[in-house]
Amino acid sequence: MFVEIKTIQVKEGFADAVVSRFSQPGAVEKAEGFVDLSVLVKRTRKGDEEIAVIIRWESEEAWKGWERSEPHLEGHRRSREQGKPEFILGSSHATYDLKVHKLP
């Protein structure tokens, strides 16, 4: 299994706006090899907030197929046209190979 993790830093009070965006149905769920998507919000008492978006894929090849797909590329084109929202402070992206996965 192949895992993609996106981390997004936002101004205080804006985590829900990012969570809402990822809560909507999207093209990624229809992508071949897509397993699941989870959105986590880091617990903080006050100050900037952090969101982690974890997307699991059947394989690296499935993820690469999504990265090259027209729906994915179109989404990025739209994002560039709209510009980054002011509340987003930064983001990072990393990929991982899943080595251990335990179930009950």
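This is a predicted model, so every value here is computed, not measured.
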Donor-acceptor contacts under 3.5 Å from residues 19-27 side chains, at least two apart:
unit_1, atom_1, unit_2, atom_2, d
Ser23, OG, Val19, O, 2.7
Gln24, NE2, Ser20, O, 3.4

For residues 42-54, please give each side-chain donor-acceptor pair under 3.5 Å, one per line with the distance, not counting sequence neighbours.
unit_1, atom_1, unit_2, atom_2, d
Glu49, OE1, Gly13, N, 3.0
Glu49, OE1, Phe14, N, 3.0
Glu49, OE1, Ala15, N, 2.9

Could you go through residues 79-102 and list every donor-acceptor pair under 3.5 Å that involves a side-chain atom there, pairing it with any protein atom two or more places apart or in another chain?
unit_1, atom_1, unit_2, atom_2, d
Ser79, OG, Gly75, O, 3.1
His93, NE2, Glu4, OE2, 2.8

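Here Glu74 pairs with Arg77, Arg78 under the salt bridge (charged side-chain N to carboxylate O under 4.0 Å, His left out) rule; sequence neighbours left out.
A continuous path of ILVMFWY side-chain contacts below 4.5 Å connects Val41 to Leu37, so both sit in one hydrophobic cluster. Follow the hydrophobic side-chain contacts under 4.5 Å out from Met1 and you never reach Ile55; the two are in separate clusters. Placement of Ile5 and Val28 in two distinct hydrophobic clusters is found when ILVMFWY residues are connected by side-chain heavy-atom separations under 4.5 Å, directly or transitively.
Atom NE2 of residue His72 and atom CH2 of residue Trp66 lie 6.0 Å apart, to the nearest 0.5 angstrom.
Residue pairs that meet the salt bridge (charged side-chain N to carboxylate O under 4.0 Å, His left out) test with at least one member in residues 23-36, sequence neighbours left out, are Asp36-Arg56.
For Trp57 and Phe34, the ring centers sit closer than 6.0 Å to each other.
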